[in-house]
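Order of the sequence lines fixes the chain letters, A, B, ..., with proteins taken first and strands second; residue numbering starts at 1 for each chain.
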Number of protein chains: 2
Amino acid sequence: MRIESDREKLSSNMEDYLEAIALIEMDKGVARVKDISRLMKVKTPSVTSALNVLANKGLVEHERYGYAELTENGKRIAHDVLKRHKMLTKFLSSILKIDPQVAAGDACKMEHVLSPQTCERLTMFVEFVGAGSEIDRPLWLKGFDHYLKTGKRVECKNKQALKKVKGEK
Amino acid sequence: MRIESDREKLSSNMEDYLEAIALIEMDKGVARVKDISRLMKVKTPSVTSALNVLANKGLVEHERYGYAELTENGKRIAHDVLKRHKMLTKFLSSILKIDPQVAAGDACKMEHVLSPQTCERLTMFVEFVGAGSEIDRPLWLKGFDHYLKTGKRVECKNKQALKKVKGEK
DNA sequence: TTTATTTGTTAGACAAGTTTAACAAATACA
DNA sequence: TGTATTTGTTAAACTTGTCTAACAAATAAA
């Protein structure tokens, strides 16, 4: 028999609900069933049912016909997920140059399945690379861009090519 | 009403079964329920049931009490999954230096969720980086290793530090 | 070739998450 | 204040994949 605040691993789905609620709270202050259902692309009964599950785990508060609110615990988890989401999005879009939509989708999947170790390393990697702007983009990464376009590695002995890679787009 | 060889997207689970069967076929020529169940860490009835699903989709052939064999279609999918798996493992273990066990686990999850675009880019990235051996490891990547260890970027102006990063471990 | 062991299948239950249909509460507005 | 509209909930069914228990086929071995 188990008591209250279970520390069991949340399912991807429930993590997604927490994340959605957090986003809506950030946007509008409070989250309603309708908003969640719209954001998650599920019907409202699914939301009601998810809220019951999450409330049982002490991750949201929800009174019938009222707003849903994350508890402290819920917030903590949601923010962890969001942090992973952001990091992954950045990795995909600014390092690998994946299209924003696709990157968002992939980040949404990956955020629930990566081990803490991988998340941590990837975070360090993103941090290490920087690459927020084109200017910050390290030279080797521009080399990768070139490799993507042409399938060929930049010959660094050739000053001409090197300049080209360094310089533009 | 739908006919035979549906081109619907396979679930992660079913992809995993195909992958397992492919691995066993490669190892022993033919795959038996027992082998699959062992590799997948599920009980045999789950395998029987999965084989029925896959047979319906035309991805395996399986006669009662006999061997399971991938069809051409099944093989194609299984090999795609395996290719992604290998690529991801390489990315995680040889670029990010994730522990083998953890890398394997993460690759196993990621292989089912990444978009084709991300798979392709990541493949290119792994290819670009090389990094099969410590010797091939590009200098910037050694810089990342150093960043992981110390949290500090290598100052390339400092010849001493540079040499250290280039040289050892 | 009969018996024992291993392997595979069926049937039935369960868990998580989803849906539709019907209904109830809250809100808006006349 | 009374009626409509919007929003939320309940109940019941379905899906996917799992399991246990009981049974059936195949293989090994006596």
Atom-pair distance ([atom1] on [X]; [atom2] on [N]), nearest Å:
X      : N       : atom1 : atom2 : value
N52(A) : dT18(C) : CG    : P     : 13 Å
E63(B) : dA26(D) : CD    : C1'   : 13 Å
I36(B) : dT7(C)  : CD1   : C1'   : 13 Å
L54(A) : dA16(C) : CG    : C1'   : 13 Å
L10(A) : dG17(C) : CG    : C1'   : 14 Å
H62(A) : dG8(D)  : NE2   : P     : 8 Å
L51(B) : dT10(C) : CG    : P     : 11 Å

Can you name the side-chain contact (heavy atoms from CB on, under 4.5 Å) partners of [X], sequence neighbours left out?
X      : result
S49(A) : none
Y67(A) : V30(A), R32(A)
D80(B) : R76(B), R84(B)

Partner residues of Y147(A) under the side-chain hydrogen bond (donor to acceptor under 3.5 Å, both in side chains) criterion, sequence neighbours left out: E127(B)
D99(B): partners by side-chain hydrogen bond (donor to acceptor under 3.5 Å, both in side chains), with sequence neighbours left out: Q117(A)
Residue pairs, two or more places apart or on separate chains, that pass salt bridge (charged side-chain N to carboxylate O under 4.0 Å, His left out) and touch residues 61-73 of chain A: E72(A)-K75(A)
Closest contact, heavy atoms only, L92(B) versus A103(B): CD1-O, 3.5 Å
Report all interatomic pairs (protein N or O, nucleotide N or O of nucleotides 18-22 of chain D) with separations under 3.5 Å.
unit_1, atom_1, unit_2, atom_2, d
dT18(D), OP2, Y17(B), OH, 2.9
dC19(D), OP2, K43(B), N, 3.0
dC19(D), OP2, S46(B), OG, 2.7

Side chain to side chain donor-acceptor pair (under 3.5 Å) partners of residues 100-113 of chain B, not counting sequence neighbours, each pair once: S115(A)-D106(B), T118(A)-D106(B), E15(B)-H112(B), D16(B)-H112(B), H85(B)-E111(B)
Taking N or O atoms only and anything under 3.5 Å, show me the protein contacts with nucleotides 22-26 of chain C, one pair per line.
none

Nucleic acid contacts of residues 18-33 of chain B, taken as heavy-atom distances under 4.0 Å to DNA chain C: R32(B), V33(B)
Pairs flagged by ring pair (Phe, Tyr, Trp, His ring centres under 6.0 Å) wherever residues 13-66 of chain A is involved - sequence neighbours left out: none
Geometric class of the F144(A)/F125(B) ring pair [parallel <30°, tilted 30-60°, perpendicular >60°]: perpendicular
Partners passing salt bridge (charged side-chain N to carboxylate O under 4.0 Å, His left out) against K28(B) (at least two apart in sequence or in another chain): D35(B)
